[in-house]
Novice: 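Pasting a structure below so you can have a look.
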Amino acid sequence: MDVLGNYKSVIAARSTDRDILKKSQDGGIITTLFAYALEEGIIDGAIVAGPGDEPWKPEPMVATTKAELLAAAGTRYTISPNLALIKEATRSYGLDRVGIVGVPCQVQAVRKAQLYPIGLRDVDDKIALVLGIFCMENLSYQALEAIVEDHCNQKMESVRKMDIGKGKFTVYTERGAVSQMPLKLIHKYVQPGCHVCLDYVANLADISSGSVGSPDGWSTVFVRSTKGNTVWDGAIKAGLFETKPMDQVKPGLDTVKKLATDKITKNQKNVDARKTVGLKGDGTPKGLRNPYESP
Ligand code: FAD
Ligand code: SF4
């Protein structure tokens, strides 16, 4: 498979909704698509990374209104266990059509849950729209705190936005300060599982998106499934996005491909190394069957 996965189309896009663009991380693709899907009855709620008790610590939440989606817009560079809410979304919230956003490993987990719905009876067929966000690596909350407070010298509660791009981790504060550190310095903080992750662009999502490849404030969007195509076409017809062909934007698709190739090549080496010390690539000790594999 190509490092970018299967897709029907790829395009640079930006939301036409100013309120969304003020709160979103990049082109507001995820929030705009969920708002559209809610409005059209494609979903009746979306599991997103909402604000938690501590600053920048996400708490998965079920959003059923645009206001709730806006409260959860933007990126938190730490784990948000969105899948933990899937069962509750259908049972406690009574949703019949669930939307969910996740990083690539979470999107893979959703697809596995749909194929093998162990413990998720009557949930798998209620997953109506799966949106993915690109992900090179992720951090624990403690690591994020150390990066922001110790390396960037900013208090977590004073931060307005965090961003990764152009080789830097950047923190913007509410009072207008900007602190940066080279991305290579955060590698030591990365979650162990991320070192064997072979998906950069959420290959199994209906639609996946990230900033890389497109100009600042825009997003690169992969429309992957038939469902994704229908939703994307509808949103475009409704005038919800400005778009540009990928071959007319800089840095362009080659940069996405390069980063995906770099991630997969580096991490494949770690997978191979683990196999030599008695672990399967996924960390399961040899001789034990991974419950997700077919017998
Ligand atoms: P928005 O409209 O801002 O919506 C973002 C949605 O994602 C919201 O619904 C929000 O609740 C949800 N969300 C926020 N944080 C998380 C989280 N931690 N886990 C699950 N869901 C979350 N893009 C790149 O191009 N290259 C990268 O290398 C890259 N690395 C990333 C690493 C991490 C750990 C994360 C969380 C994201 C990364 N992204 C990367 C994605 C990028 O930061 C944006 O999230 C993406 O472009 C979507 O922006 P948007 O404006 O379309 O979305
Ligand atoms: Fe998940 Fe891979 Fe991102 Fe780590 S790098 S959070 S394993 S998608």
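Everything quoted here is computed from the prediction, not taken from an experiment. When a ligand or atom number is given, it counts from 1 through the structure's own listing order.
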Novice: Taking the six-membered ring of Y200 as reference, does the NZ or CZ atom of K263 fall below 6.0 Å from its centre and within a 45° cone about the axis?
Specialist: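 Here K263 fails the 6.0 Å and 45° test against Y200.
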Novice: Among all protein heavy atoms, pick out the one at the shortest distance from atom 6 (C) of ligand 1; state its residue, atom name and that distance to 0.1 Å.
Specialist: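 Going atom by atom, the protein heavy atom closest to atom 6 (C) of ligand 1 ends up being I30 CG2, 3.7 Å.
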Novice: Measure up the F134 and F222 rings against each other and bin them: parallel (under 30°), tilted (30 to 60°), perpendicular (over 60°).
Specialist: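 Tilted: the ring planes of F134 and F222 meet at 30° to 60°.
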Novice: So which protein heavy atom does atom 38 (C) of ligand 1 come closest to, and at what separation?
Specialist: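 Checked against all protein heavy atoms, atom 38 (C) of ligand 1 sits closest to F134 O, 2.9 Å.
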Novice: Which residue and atom name correspond to the protein heavy atom nearest atom 15 (N) of ligand 1, and how close is it?
Specialist: R76 N, 3.1 Å
Novice: Would you mind running through ligand 2 and noting each atom that sits below 4.0 Å from a heavy atom of K263?
Specialist: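 Per the distance check, 2 (Fe), 5 (S).
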Novice: I'd like to know whether ligand 2 has M136 as a neighbour, heavy-atom separation below 4.0 Å.
Specialist: yes
Novice: For S219 and R14, which I'm curious about, is there any donor-acceptor pair between the side chains at under 3.5 Å?
Specialist: no
Novice: Nearest protein heavy atom to atom 45 (O) of ligand 1, by residue and atom, and its distance?
Specialist: T75 OG1, 2.8 Å
Novice: Go through the steps to decide whether Q268 and D272 satisfy the test side-chain hydrogen bond (donor to acceptor under 3.5 Å, both in side chains), and finish with yes or no.
Specialist: CA-CA 6 Å; Q268 185 62 55; D272 294 342; 3.1 Å; yes
Novice: Please determine if I29 has a nitrogen or oxygen closer than 3.5 Å to a nitrogen or oxygen of ligand 1.
Specialist: yes
Novice: Does K257 come within less than 4.0 Å of D2, counting only side-chain N to carboxylate O?
Specialist: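 Looking at D2 together with K257, the answer is yes, because their closest N to O distance falls below 4.0 Å.
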Novice: May I ask you to list the protein N, O or S atoms found at less than 2.8 Å from atom 4 (Fe) of ligand 2?
Specialist: C194 SG
